[in-house]
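One structure is given here, and the rest of the page talks about it.
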2 protein chains.
Amino acid sequence: MKHVDTEQRCKRILYAIVESYVDSAMPVGSRALSQRFRWSMSPATIRNVMADLEEMGLITHPHTSAGRVPTDKGYRVYVGSLLEPRHLTKEEESLISKVVSRRYEDFEGLMQNVSRAIGMITNEVGIVLTPRLKRTVFKQIEFIPMDSSSSRVLAVLVTGSGIVRNSLLELEEDLTKAELFRMSEFLNQELEGLFLGDIKNHLTRRLLQERDSFYAFLKKAISIFSRPGFLRAEDKMYFDGTAGLMSHPEFDDMKRARSFLKLFEEKQDILDVFNEDMEAEGVKVHIGKENACKHIQDFAVVTCNYKVKDRAIGALGAIGPTRMEYGKVISAVTYLSELLGKALEDLG
Amino acid sequence: MKHVDTEQRCKRILYAIVESYVDSAMPVGSRALSQRFRWSMSPATIRNVMADLEEMGLITHPHTSAGRVPTDKGYRVYVGSLLEPRHLTKEEESLISKVVSRRYEDFEGLMQNVSRAIGMITNEVGIVLTPRLKRTVFKQIEFIPMDSSSSRVLAVLVTGSGIVRNSLLELEEDLTKAELFRMSEFLNQELEGLFLGDIKNHLTRRLLQERDSFYAFLKKAISIFSRPGFLRAEDKMYFDGTAGLMSHPEFDDMKRARSFLKLFEEKQDILDVFNEDMEAEGVKVHIGKENACKHIQDFAVVTCNYKVKDRAIGALGAIGPTRMEYGKVISAVTYLSELLGKALEDLG
DNA sequence: GATTAGCACTCTAACATCTAGAGTGCTACT
DNA sequence: AGTAGCACTCTAGATGTTAGAGTGCTAATC
């Protein structure tokens, strides 16, 4: 008997529906699909399969006589088990290397350009989060007194990834210039190569072994690193491609366009998704209702962390309508996370 | 005879047309206007005046039987001679002080919040340019060697407005730590209070008076300030309110929305307008075709410079459809330019 | 039993037609 | 000069119609 594996066929058809819908944004009918398979199945057969898929909740009807559209769950299956991995084409890679010059001038520019590259390749909005300070390694710290009394001091912190962070300290206890100098010398020697997130613990452990005058000195050091906002608050997010996204037909409805743009003004919702994903390995995809935040539930988010010296220190990705070219987006995000990691390593 | 000054009447009617159209986005008819004037003029009279205004090029018809709409020129007359200055309401001021806390934490946040405040008050996109470095005064410079050989040095420049600018220098000539220290000491004493833009000239003048070993030293100092990108390239632009803007009916056409968003991705066109206006005094308004850049010709831009110690150092403003509440926008932009100036002075 | 052809049915998008109403410009009257 | 009246124009919205794409079901076929 010529009995084809029905499960196999279901998959092929779901695959075709997603691809076709992603491509054209039009509901997919049985006839068109049959053509796509070079008439190896009749429209009627396909209709039967479609009815099954609908039963399973993988596709829907907008209305009785329209074609089928994938549901969030449908996309999920597509991404999870149907989509074969692909790589970027040579053209895409060369486009990226044109936008993200290996020889970056400044840190901000690098972030901006990576987000732009993602946006350009995927036609969705590209997003890059700055490295979490706590996950980068300490390299150097210097104190610059801003007035004669040394009560206002500018701390300049340099990390292994070449990030430079300024922080204005208003010190209650007066420190003489000499003391400040001693402080930086001590810290630079003591903390070399430590992760910024581990510094406070390290110093506290050190404290337990010491006493006398050095004890007070260490206390001061710890208080500096304990200042609120000294290591935090650098959750900066770069994004690019909002204009390009407006060409998608899903934004013909202004209300959606507006709520989408609002995401980028409030930022927090997006940051939450990326921060959460930073822990896990590799590419993560959140489709529609899978998102915890309800403002994002109309959209899909693809994220990936990027690493320096095998340690995940930040995240990047893309966001757009659930109807997106997942294959392309995933490969772009993967590629650029590696690129960014390497770029930051060079800088270190 | 009861003959009213016709010029006066023209003005009143143009004024009413603009106000009404700005408010409702609907072409204004003679009947509605007559009502607005409590029937002190008949629709027919108003029609005659309207015909005159159209002759003068201040208003137009979208089509034969539609009401009138102001032209760019009409808005220009309205802004130039009809609009009486207004101030922000108490509510608006308190909204601003909620968004822009007088006690800002960081420079970036201040910029971001000012642009947000403009956006929220005006319902257009608020824009703030960072202070031009060259126009701020020198306060302090320090050099931090990044490796033992001192060939890579991080220069930290602090200005009078509290801006801190980092710049990684790759020095060809090796400078010993001692030399670097001498250099910063010398510069800090020599340049105190100078505008950054004047530094190179100042040092060069100084050079002519000196000779011997100090000559070479000065040469090195000059070369540092001559590095491309050391004082430039900080043309950063903050903006906020793109989401709010999408509620304007003029963006129902996605193509316009897209071209508008593109302005903020390319940035340069907007920067040009603001940079140009920074020289002139007070608020500047560019309406539609008045803009040199053709991508902006569908929109209106309101700009104002902001000052620290009576010197214009940066610019801020708003951008939106030509149909905007010019009175409100102008007062918001004025108010916030003063606020920002003061905030930066406090920081200095 | 799996697949397909055929058919009746449904729904939408696109087009054409019509109408009410708002607005105009002109002319003649006050 | 200002106004009322009137014929005319144009659009937005309502209504009606149709072609086409798509479905689901049943019966025939492999």
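All figures in this text were calculated on a predicted structure; none of them were measured in a lab. Quick note on labels: first sequence line is chain A, next is B, and so on, each numbered from 1.
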Subject >> Euclidean distance, atom CD1 of residue A:I13 to atom C1' of C:dT3 [Å, nearest integer] >> reply: 12 Å
Subject >> Axis bend over the full length of the helix from C:dG1-D:dC30 to C:dT30-D:dA1, computed from five pairs that close each end, to 10 degrees >> reply: 20°
Original post:
Between C:dC7 atom C1' and A:R31 atom CZ, what is the distance in whole Å?
Top reply: 16 Å
Subject >> Residues within residues 41-61 of chain A bordering DNA chain D, heavy-atom distance below 4.0 Å >> reply: A:R47, A:M50, A:H61
**OP:** Report yes or no: does A:K73 contribute a side-chain atom to a donor-acceptor pair with the main-chain N or O of A:G57 at less than 3.5 Å?
**Re:** no
Original post:
What residues, two or more places apart in sequence or in another chain, satisfy salt bridge (Lys or Arg N to Asp or Glu O under 4.0 Å) together with B:R36?
Top reply: none
Subject >> Minimal non-hydrogen separation, A:K328 against A:I121, with atom names >> reply: CD-O, 3.4 Å
**OP:** Mark yes when over 12 heavy atoms from residues, nucleotides or ligands other than A:Q268 sit less than 6.0 Å from its CD; otherwise mark no.
**Re:** yes
Original post:
Ignoring hydrogens and geometry, is there a side-chain-to-backbone donor-acceptor pair from A:T334 to A:I330 under 3.5 Å?
Top reply: yes
Using nucleotides 7-12 of chain D, report all nitrogen or oxygen pairs with the protein that are shorter than 3.5 Å.
unit_1	atom_1	unit_2	atom_2	d
D:dC10	OP1	B:T64	OG1	3.3
D:dC10	O2	B:S65	OG	3.1

Original post:
Is the number of heavy atoms from other residues, nucleotides or ligands under 6.0 Å of B:K267 NZ greater than 12?
Top reply: yes
Protein-nucleotides 14-19 of chain C N/O pairs closer than 3.5 Å?
none

Subject >> Donor-acceptor contact present, side-chain B:D277 to main-chain B:K284, <3.5 Å >> reply: no
**OP:** Could you tell me whether B:M56 atom CE has more than 12 heavy atoms of other residues or ligands within 6.0 Å of it?
**Re:** yes
Contacts under 3.5 angstrom, residues 240-250 of chain B side chains, donor-acceptor by atom type, not counting sequence neighbours:
unit_1	atom_1	unit_2	atom_2	d
B:D240	OD2	B:R116	NE	3.0
B:D240	OD2	B:R116	NH2	2.8
B:T242	OG1	A:E265	OE2	3.2
B:S247	OG	B:G244	O	2.5
B:H248	NE2	B:N123	O	3.0
B:E250	OE1	B:R323	NE	3.2
B:E250	OE2	B:R323	NE	3.1
B:E250	OE2	B:R323	NH2	2.6

**OP:** Please answer whether the main-chain N or O of A:A300 pairs with a side-chain N or O of A:T322 as donor and acceptor at a distance below 3.5 Å.
**Re:** no
Original post:
Does A:R68 have a side-chain nitrogen or oxygen under 4.0 Å from the phosphate oxygens OP1 or OP2 of D:dT23?
Top reply: yes
**OP:** Please check if atom CZ in B:R31 has more than 12 non-hydrogen atoms from other residues, nucleotides or ligands closer than 6.0 Å.
**Re:** no
Original post:
Within the side chain of A:S30, is there an N or O that forms a donor-acceptor pair under 3.5 Å with the backbone of A:I46?
Top reply: no
Original post:
Going by heavy atoms in the side chains, are A:F264 and A:I127 under 4.5 Å from each other?
Top reply: yes
